[in-house]
Structures are given as C-alpha cells and as structure tokens.
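Quick notes on the structure that follows.
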Amino acid sequence: MPLTPFGRTVDAVLLKHQQAAADGSSMLSAVSKWDALRDLAAARKSYGLSDRDLSVLQALLGFLPGKEISPQPGVTVVHPSNRAICERLNGMPNSTMRRHMAKLVDAGILIRRDSPNGKRYVRRYQGERVAYGFDLSPLAFRFAEFSDAAAAQRAEEARIKELRETVSLMRRDLLNLALCGAADRPELTVWDQFHDLAHLTARDLRRKLGADDLEALQARLAAALAETKHLLEPAFAEKSGTSDTQIEHHYQNSKKDSFESEQTVTAAPAAATESKDETGYAENPAAERPVHSETPPQPPEAPAPSGPSLPLRLILSACGEIRGYADGAIRHWGDLLRAADTVRPMMGISATVWEDAKTAMGTAEAATVVAAMLERFSEIRSPSGYLRHLSAKAVSGRFTSAPMVLALTRRGAVA
C-alpha cells in the first residue's frame, strides 16, 4: 500500500523514482553533491522550485558527509532534527522549513523514509546500516536530467539576453533615424510615431520580458527601421550624390583607416561668412588671406566653410564618445569645440593640422569631424594625416561632415 507507517500517502512520482533508483542505481556512479545542486538551481523553474526551497536542500546537503552522493537508495540518508535544520537555515521558522521541504518531496528531489516511531535516526542491525530521514539519492540518480534542464535554461537565458541587446540597439537606431528624418524631411508626420515607438520600447525593456515578447518588439522595430530607411533614401542620395552601391564599392577598395564610404563628394553652398546662429562661431577664412595687388589674378576661391547641416542633438547621439571628454553636458557648439580641443592631442592630431582644419572647415564642422573620428579611432592609423586629407577636400568645397555622422547612425540599422 502507498502509505507510510504513520498513514502518510506517498506520491506516485516518488514511488516511481524509488523503483527506478532501485533498478538502475547499480549502473550509475556517484556525483558531486554541489554540482547536482548547482544544476538544479539553474533549472529550478522547470521543477517549480524557488531559491528558498534550494536553501533548504543546501542545508540538508551540509549534513551529508563527503562531497559525493551515491545513487544507491538508503545510502545517502540524512537524519537531522527539525531544530538542527532550522539552525542551519539561520533561524528559519519550523513551519516555513516544513513547507519548503514538502515542495522538495513533491518535486521528487527528496524521499522521506519514515521510522516506526516517526523519528529520524540511524541504527545497525547485524552489521547492516538502517537510516530513517531524508534520502538524497534522487539528486545522483537524476543528475543527467538536471544537467540537461540546466543547459536548456542557460541557452534560453542567453537567447533572451541576445534578443534584449538586439532590441535595444534597434530602438536606439530608430530614435536616431527619426531625429535625422525630422531634420531632413520635416514635411513628413511619421517621425513622431517612430519617436514614440522608440520611447515605448525603452519603457518595455525596463520589465523582465520573455522571448516571445522580445521577438514581437524586434519585428515591430524591424518594420519601422525598414520604412525609415525607405523614407530617408532620397535625402541620403541628395546629400551624398552617389548611390548606396557606389558607396559600398568605394569603401571596399579603400584603406582600413579611411572613411571614404562616408565622405562623399558634396558641393557646399557658397557663403561669404558662416552663420553665427548655426555654429556659434563666425568663420571667414578668405578675410585672413593677404591680398597682393602685384601678383597675377588668382583662380576663384573655394566656397567659405559652412556649419554642420545636422542638429547638434543628432551628432551627439551618433558620436557619444566625445561626451566623456567634456567638462559637463554638451549643450552648445562651443561645448563640443572645447571637448574636441581636449581630445585632439590624445588622438595624435597636431596643433597645426587642427588649426588648418578649423580654418578650412569651420570650428563647428571640425569639432564634428573629430567627434566622428573618435567613434572609429581604432580603425584610423594616422588621425593627423586623415584630418589633413579632409581639410584639403574642404578647401576645394568637396567635403561635409553630414555623411560621416549619418554613416555612424545607420551602421547598426543596416546591419
């Protein structure tokens, strides 16, 4: 009968594990009790156990001498009193301990072996050891099962972590592209929807989401990014003057430290001076050049440098590394210029090249270029020579920093 000497019913699952242990324990070897506990802790959700249940199991393992558990039924029986178990659990109430112990028994982790008088003890009869208490042999007998469940749980957690990282990157890219679209094509009203979707996704990521919820978010963001890319393609083509295929082909044939895929030829608008409202600094390189009346006529001068065509907020979103070199928050173009002045010598850019760049591009444009170079600093072998090359292109009116910033913004979205 499935009853203990005290009339307690024995769950069928426990009888199954006892019978299986009796039949197959001779073919199994002893396992480390701490390895079994570690795998069971990783797979505890699969068995409906909590961390408090495992704390009680850990206390019971502390009463088992040695480091290994034998799969032989009756060999690994511990017989501590309830008081001793509660003391090992730092004063856990007896009723609470018994409730957690019952969950371990129901899950088939422990087997109760009741004595005739209901006490837990061990005795020897004619050289045979007979113990009454809690049998820990299921930990050894089901060790392979626990290991497989733990591996599956770890794989699921790794998958969820990867999905969270992917969704977080896609959310950031969508926000940056929405800001870029609002600046390039303000006539469209869809940018507010994308902006709200990015912020709602950030709010959802504060919660502990499952794989299904994360996959749903990933699908929504992927559709939004595809639509954003489609809407921004005319603006990118207008700024770059070349197709995406030409840009990629040019990048594959350039040196490692080159941004040629981003530095497309764009004619800067002609202007006598740089607007102080846009950049915070008035630039007029032509006024600094001495004019010699006796020299023969010079060819027409290059257009005066213009400020970045992108808003400062979008530049800081794409070039976040520059924030670490600012004295405080970067709120104005002057703050960005001071941060660029600070990081410039650390990047190996000489003072002469830096002054030439500010003269050729404009102070705000030069600071933007340094911030973009800092994002890919590991890919540039000679930052000083590279900035000199960009300054030469700026003198002839064939350079703008907008493609550099947009390439950094689109890098995650395209991938």
Side-chain angles (χ1 to χ4, degrees), residues 239 257-260 262-312 315-316 318-319 321-322 325-327 330 332-377 380-406 408:
K239 285 180 177 293
D257 58 341
S258 175
F259 278 115
E260 291 300 325
E262 306 156 12
Q263 308 308 319
T264 52
V265 177
T266 305
T273 59
E274 184 180 16
S275 173
K276 189 172 182 178
D277 295 335
E278 294 178 356
T279 63
Y281 292 89
E283 297 290 339
N284 190 2
E288 300 175 2
R289 300 189 182 116
V291 179
H292 301 284
S293 58
E294 298 178 358
T295 57
Q298 299 293 330
E301 295 180 355
S306 60
S309 58
L310 300 177
L312 179 60
I315 293 173
L316 294 178
C319 310
E321 292 292 332
I322 195 67
Y325 299 91
D327 295 336
I330 299 178
H332 308 285
W333 292 106
D335 300 332
L336 180 61
L337 178 61
R338 283 187 288 272
D341 283 330
T342 301
V343 75
R344 182 267 307 168
M346 304 178 189
M347 297 173 63
I349 299 175
S350 63
T352 303
V353 173
W354 176 234
E355 293 300 327
D356 292 343
K358 290 192 292 184
T359 301
M361 303 178 185
T363 52
E365 185 85 336
T368 302
V369 171
V370 170
M373 291 173 58
L374 183 62
E375 290 296 315
R376 292 182 175 176
F377 180 69
I380 304 175
R381 289 195 293 268
S382 177
S384 185
Y386 182 59
L387 185 58
R388 186 186 298 109
H389 170 69
L390 298 183
S391 301
K393 295 179 66 175
V395 169
S396 59
R398 298 183 297 110
F399 172 77
T400 175
S401 63
M404 295 180 67
V405 178
L406 294 178
L408 291 172

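Residue numbers count from 1 along this sequence.
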Could you check if a side-chain atom of [X] sits within less than 4.5 angstrom of a side-chain atom of [Y], using non-hydrogen atoms only?
X	Y	value
M404	F399	yes
E365	L390	no
T368	W333	yes

Nearest heavy-atom neighbours spanning [X] and [Y]:
X	Y	value
S384	G348	CB-O, 3.4 Å
W354	A340	CH2-CB, 3.9 Å
E375	E321	OE2-N, 2.7 Å
I322	L316	CG2-CD2, 4.1 Å

query = Can you tell me if R344 uses its side chain to pair, donor with acceptor, with the backbone of I349 under 3.5 Å?
reply =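 Checking the backbone N and O of I349 against the side chain of R344, a donor-acceptor pair under 3.5 Å is found.
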Atom pair [atom1]/[atom2] of [X] and [Y] - distance to nearest 0.5 Å:
X	Y	atom1	atom2	value
L387	M347	CG	CE	8.5 Å
K393	T400	NZ	OG1	10.5 Å
Y325	L336	OH	CG	14.0 Å

task = Check side-chain contact (heavy atoms from CB on, under 4.5 Å) between T342 and all other residues, then give those that pass, not counting sequence neighbours.
result =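 By the side-chain contact (heavy atoms from CB on, under 4.5 Å) rule, T342 matches M346.
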task = Name all residues meeting the side-chain contact (heavy atoms from CB on, under 4.5 Å) criterion together with E355; count only those two or more places apart in sequence or in a different chain, and write none if there are none.
result =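 For E355, the residues satisfying side-chain contact (heavy atoms from CB on, under 4.5 Å) (neighbours in sequence not counted) are K358.
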message = Under a 4.0 Å threshold between the charged nitrogen and the carboxylate oxygen, would D341 count as salt-bridged to R338?
response =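 No, this pair does not count.
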key: Test log, rule side-chain contact (heavy atoms from CB on, under 4.5 Å), inputs C319 and L374   = CA-CA 8 Å; C319 310; L374 183 62; over 6 Å; no
query = Which of these passes side chain to side chain contact (heavy atoms under 4.5 Å, CB included) with R388: D356, V353, T352?
reply = V353
